[in-house]
Each structure stands twice: as structure tokens, then as C-alpha cells.
There are 2 protein chains.
Amino acid sequence: MSKHKPNERARPTMADVARELGVAKITVSRALSEQSTVKESTRALIRETAERMGYRLNVSARNLRQQRTRTIAVVIEMAPSHDRLMSEPYPLSLLGGIMQELTAAGQNMVLTTIDLFAAHPPSTDGVILLGQGVHDDAAAMIEATGLPYVVWGAAHGPPERIVVGSDNRDGGRLAADYLLGKQRTKLLFLGETQHGEVDDRLGGFEAALTGTGAAIVDRVACAFTVAAGREAVSKLLERGRGFDGIFAASDAIAMGAIEAVEAQGLSVPGDVSVVGFDDSPGASLFSPRLTSVRQDWATGGALLAQKVLDLVSGKRVESRAMPVELVARES
Amino acid sequence: MSKHKPNERARPTMADVARELGVAKITVSRALSEQSTVKESTRALIRETAERMGYRLNVSARNLRQQRTRTIAVVIEMAPSHDRLMSEPYPLSLLGGIMQELTAAGQNMVLTTIDLFAAHPPSTDGVILLGQGVHDDAAAMIEATGLPYVVWGAAHGPPERIVVGSDNRDGGRLAADYLLGKQRTKLLFLGETQHGEVDDRLGGFEAALTGTGAAIVDRVACAFTVAAGREAVSKLLERGRGFDGIFAASDAIAMGAIEAVEAQGLSVPGDVSVVGFDDSPGASLFSPRLTSVRQDWATGGALLAQKVLDLVSGKRVESRAMPVELVARES
DNA sequence: ATGAAAGCGCTAACAA
DNA sequence: TTGTTAGCGCTTTCAT
């Protein structure tokens with residue numbers, strides 16, 4: 001019958017299904033997308049025939065025709081790994097929140113690194129960027145694509161950029177209040193302030209300290225890992241203990257710091273009080289159980305997703321800082 | 001000049017760039033994909049012009065024309081969340097291994113749930129499925145798409161299905177050997193054996209016990225959470241302690257079990273020895289530090305990615321069970 | 001080294 | 001309720 005193609009191995013297209021039934025392919029299109037303008041009996045027939053022939057929609061073709069992809073890119077700065085699980089600033093639960101929301105909206109999510117995104121841009125309608133990168137370079141790269149995008153992090157960029165993040169300044173304040181409540185006066189800050197969010201944490205911490213008698217006696221730039229925290233504090237302790245309280249920019253750093261303190265025969269919280277950040281899963285498992293500032297990752301992720309989808313559909317959108325909460329435990 | 005379109009707001013296409021320079025659009029295409037058949041000077045000119053005009057490749061159009069998407073779908077069974085971080089059978093590091101490998105191959109990754117995949121199939125060349133689902137239903141659904149796919153889990157399905165997973169039977173054996181070495185003889189197994197991987201763990205555990213004088217005295221189906229582990233063991237202990245060793249299908253379950261044991265005034269490992277599974281990040285933080293069977297997630301993820309890409313490019317591919325390792329700690 | 005024509009598979013717009 | 005026509009933006013094929 002079909003003189004066009006001698007029955008190749010390839011999968012059938014709408015044209016094939018249409019020819020089989022003697023209808024126009026637009027009718028097949030309408031039927032399979034359940035449009036009510038097609039008679040229900042016709043729809044059923046087409047559905048069955050398509051099924052029987054093994055027909056599958058070619059998503060690329062539809063994306064091209066409709067000029068949209070129902071896909072959002074989530075761009076992270078580096079690949080996750082086992083030893084970074086707890087220390088990563090952007091954990092699985094942030095992704096979970098994003099995914100939940102995108103899924104509910106029927107949107108797919110392509111997960112990619114900043115490098116891959118630059119080299120092989122995927123086909124997407126919008127972008128969620130987790131972390132601006134040092135000096136905003138990641139955000140600038142995304143901006144250049146012209147796609148709608150939102151960022152997780154600190155609002156240090158241009159004011160028109162949509163940013164969702166925790167209220168890191170307030171997190172710093174909470175940490176300060178906790179340490180002040182423990183009568184700590186000589187405080188140590190551990191964290192890399194090149195990172196906008198960490199800078200905000202330090203800012204809020206300092207602000208809450210002014211006029212209290214307590215003060216920051218030292219600050220050490222420090223990666224988000226247990227090892228980095230341990231090393232930083234070990235070095236400091238070699239020249240004697242000049243502090244009685246620590247605010248660490250992540251729980252991993254805090255754990256490393258505590259290990260270093262205890263390695264000197266000192267006790268936490270006896271000699272030194274410690275506050276971490278993130279309330280990671282390990283915080284309540286660690287010994288001593290870690291006091292930490294909790295971020296609401298899941299809600300943050302959901303907000304990111306909502307906002308980027310709103311941007312895609314042309315709505316106006318605003319930045320948002322999410323409240324944080326101090327979880328007081330033993331440290 | 002351009003009489004076709006009165007300079008719309010839309011982004012320029014290759015045709016626009018071509019018209020601007022008075023060349024054919026195919027030349028623009030060739031130049032931008034750096035084909036050596038185009039004179040270098042022409043290439044440079046086209047590159048600059050495209051850049052100046054803000055040209056961006058339309059990936060959907062290319063995907064349609066080339067009949068491939070450079071994208072692999074990773075299908076998970078449910079969205080990750082904070083409280084599941086440690087207990088999930090498929091953690092971030094598995095994803096990390098997949099991502100690393102796909103990224104290196106210039107492939108994008110779309111992360112999706114089984115439901116979303118069914119409702120809105122993304123445009124992909126292949127699928128990595130994490131977990132077959134109960135009764136294989138997830139795998140069957142993927143199979144029906146006709147796309148090349150590989151599965152993480154246990155090789156309980158049809159033999160032609162490509163499966164990558166840990167050697168769970170050997171993991172069970174290692175757990176048995178450890179408990180036997182601690183002179184434990186009345187053993188408890190905690191885990192949901194509907195789950196193929198867990199079933200293999202139990203199988204290897206039982207096999208290693210035969211003819212040793214030790215035996216399984218009880219087994220409880222149990223979700224992958226701390227709470228489920230705690231509850232299962234609490235219930236058992238209400239009628240007295242009939243066991244002196246526990247093999248739990250995950251570290252989270254093991255932690256819950258230990259909490260329940262200690263809540264009765266018993267000690268781990270004094271009265272009861274416990275082996276977990278996964279060696280999750282919390283295992284070494286927990287008190288007592290948890291003995292656990294470690295899976296090599298990152299390598300597993302990398303293998304999954306390699307194999308699905310091989311399938312996509314028509315190569316022959318085989319299933320693979322990865323070695324596991326017992327990490328002996330305090331429990 | 002460059003170009004012209006064709007068409008990937010789908011759906012919007014406009015008939016009938 | 002169904003059909004016709006056109007075209008999304010790109011790259012393959014075949015010419016020049």
C-alpha cells in the first residue's frame with residue numbers, strides 16, 4: 001500500500017498512523033492530545049491504532065513546533081560526591097524541593113554543571129542556578145543565554161536579578177545570640193566570605209555583636225569540609241587558645257573544628273561553644289550533638305521552581321529571603 | 001533590507017545571520033560547528049556576526065533534524081527529601097557518578113520521576129532507571145518506550161535486561177561472617193525483601209549461615225528509615241530479647257534498631273552486634289560507630305552511564321555486579 | 001569552498 | 001467534526 005516507504009525498521013510517525021486509518025495527521029495529533037474537538041469514537045480508534053503500531057510522539061518535533069520544551073535546567077557548579085554529601089552548600093533536599101514543584105507543573109528538569117551548560121546547552125525554557133559562583137561569573141554566563149533564570153544564594157548581584165535564598169544575615173544574628181547567651185566573648189568565625197552567603201552570615205554575626213562586650217577575635221577562610229575546619233582550628237590552637245566560641249559557616253566545618261578542639265584535650269561545650277550552619281542530617285548524630293542554624297531547603301527549592309516558571313510565562317517575579325531557625329543542641 | 005520580517009523582537013536564526021552576511025544558511029551552520037570545509041576567515045566572520053546579533057542555536061531544531069538529543073533520562077521512583085537523605089537506597093553519590101560520566105561524554109541528563117516520565121516523556125536518547133520498582137512495573141514502563149535503558153538494582157528481571165548493581169549476596173555473606181566472628185548465633189534480619197536488592201542480601205546472609213550453628217531467628221519487613229528500624233526492634237523486645245545479632249538492610253534501619261536496643265538498657269555491641277548497609281555518611285558519626293557494608297556508588301553510577309551510552313551507539317553491553325566491602329567499626 | 005533543495009515530525013492557522 | 005497548507009530552524013544530500 002504505502003508506496004512512500006517500503007516499511008522501514010524506523011518507528012512510525014503520525015503520518016503513518018493517519019495513513020493507516022485514512023485520516024489527516026492533524027486529526028491524529030488532536031486525538032492523541034485528547035482534544036475534545038475530535039469525536040470520542042475517533043479518538044479511541046486512533047489511540048488504539050497508535051498503540052498497536054507502537055507509535056511514540058517525537059518530542060523534539062513538538063518542541064520545535066511549539067517553541068517550548070517544558071524543561072527547566074538546574075545548573076550546579078560541580079558534581080556531587082560521597083565525601084561532600086554533608087558539606088555541600090546545596091544538598092539533595094534543595095533539588096528535591098525543585099523537583100517536587102517542577103514535577104507537579106509537568107515540567108522536566110535537566111541537571112547540569114556550569115561547564116556542560118556552556119559547552120552543550122540543553123534545550124530548556126528557563127534556568128535555575130544554584131550559587132552565583134565566585135565573582136558572579138556563573139550568573140553572567142547564564143544571563144548571556146537570554147533565558148529566564150533565577151538564582152539560589154545571596155542578593156549581591158544586580159537588583160533586577162531574581163534571587164531566592166536563606167536570610168543569612170539573620171542566621172548570623174541567631175548564632176551570635178546563642179553564643180552570647182552562653183557567656184562567650186572571644187569568638188572565632190570559620191568560612192569563606194568570597195561566598196556571598198557566607199559573607200552575609202558574617203555580616204549579621206558582627207552586627208549582632210556590636211556593643212555587647214563580645215567580639216570576633218579571629219576569622220579564617222575555610223572550605224565547606226570537615227578537614228578544612230579541623231585544620232583551621234588546629235593551626236590556631238598551636239599558638240594557644242584565644243577563643244571560647246566558634247561560628248562555622250557549615251556543619252561540616254563545625255565538626256572539624258570540634259575534633260580539633262577535643263584533640264587538644266579541651267571540651268565542647270565546656271571550654272568552647274560551637275554553632276554550625278545548615279542543620280545537616282549529621283548534625284544530630286554527631287557527638288556532641290551540634291547546635292546549628294537550619295535552612296529550609298525544600299521550601300527554597302519549591303520557590304525557585306515557581307519563580308522560574310512564572311518568569312517563563314511572563315509574570316512579574318520578586319526576590320525572596322527565607323527565614324532561618326536556630327536549633328539548639330549540645331555544642 | 002530584510003523584507004521578510006520587519007525586525008521582530010524574536011531571536012535571530014541562522015537564516016538571519018546568513019542574510020546579514022549574504023551567505024547561505026548552511027554555511028553559517030557549518031561555520032558555527034567549526035567544520036574545516038569552511039574557510040577560516042569566513043568562519044571567524046560568521047562567528048563574530050552571530051555573536052554580535054545575539055544568535056543562539058535552536059537545540060530543538062537540531063535535535064529534530066539529527067534525530068538525537070544528546071540527553072539521557074535518569075528516572076527515580078520518588079523525589080528526594082531531607083529526612084530521607086541518609087536512608088534512600090539511591091543517594092546523591094550515585095547521581096554524582098552518573099553525572100560525572102555523562103558530562104565527560106558531553107551528554108545532558110534529565111532527572112525525572114517515573115510518573116512524570118510516563119505523563120510527559122522528555123526528549124532523550126536513553127534511560128537510566130534507579131530501582132526496578134515493585135514487581136518490575138517501572139522497568140516494564142520504560143521498556144515500553146522502546147528506548148535503550150539500563151537499571152540499577154538486582155538482576156531479577158529478564159536476562160536480556162542490562163542491570164548494574166552491587167553484589168548484594170556477597171554483602172549478605174560479609175555481614176554473616178562479621179557476626180559469626182563476634183560469636184553471635186541468634187540473628188535478626190531487618191529489611192523489605194520485596195525489594196530485589198534486599199532479597200539478595202538476605203539470600204547471601206542465609207547461605208553463609210548454613211552449617212555454622214548460627215541461624216536467623218526472626219526477620220521483619222521494614223522501610224528504609226530510622227523510625228521503621230526502631231519500631232520493628234521495639235516491638236520484638238517487648239516479648240524479650242531472642243537475638244544477639246542484627247543485620248539491617250540499610251544504615252538508617254540499623255541506627256533505629258540500635259536506639260531501640262539501648263532504650264531497653266541493653267548495649268551495642270555488648271549484648272547485640274549490628275551490621276548496617278551502605279556505609280552512609282552518618283555511619284561513622286553515629287554512636288556507636290556503625291559497622292556497615294559499603295557500596296561503591298560513584299563507580300556504579302559511572303558504569304550505568306557508560307553502558308547506556310554504549311547501548312545508544314549500538315554497542316553490545318553486559319550486566320555487572322560490583323564488589324562490596326565490609327567496614328568494621330564499633331557496632 | 002559554497003550553495004540549493006529537501007525534509008526531520010509535529011501543530012497553528014485557517015478553511016470547509 | 002475533519003482537513004489543507006504552511007512552516008518551526010536546522011542539517012543532510014547532492015550539486016557546483
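Within every chain, numbering begins at 1; the chains are lettered A, B, ... in the order of the sequence lines, protein sequences first and strands thereafter.
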Given C/dA1, is OP1 or OP2 found less than 4.0 Å from the side-chain N or O atoms of B/T42?
-> no
Kindly say whether, by distance alone, the side chain of A/R30 makes a donor-acceptor pair under 3.5 Å with the base of D/dG3?
-> yes
Test log, rule salt bridge (charged side-chain N to carboxylate O under 4.0 Å, His left out), inputs B/K307 and B/E101 = CA-CA 10 Å; B/K307 284 178 190 295; B/E101 202 66 20; over 6 Å; no
Can you find a side chain N or O atom of A/Q67 that sits less than 4.0 Å from OP1 or OP2 on C/dT11?
-> no
According to a strict under-4.0 Å criterion, is A/Q66 in side-chain N/O contact with OP1 or OP2 of C/dC10?
-> no
Just say parallel, tilted or perpendicular for the rings of A/F224 and A/H195, cut-offs at 30° and 60°.
-> perpendicular
Looking across every strand, which nucleic acid part, if any, lies under 4.0 Å from B/T37 by heavy atom: base, sugar-phosphate, or nothing?
-> base
Indicate, with a heavy-atom threshold strictly under 4.0 Å, whether B/A61 touches base, sugar-phosphate, or nothing.
-> base
Does a nitrogen or oxygen in the side chain of B/T27 sit under 4.0 Å from OP1 or OP2 of C/dG3?
-> yes
Taken to the nearest whole Å, CD1/A/I26 to P/C/dA12 is 7 Å
Does the side chain of B/S29 get closer than 4.0 angstrom to OP1 or OP2 of D/dT11 through an N or O atom?
-> yes
Over how many whole Å does the gap from A/M14 atom CE to D/dG3 atom P extend?
-> 14 Å
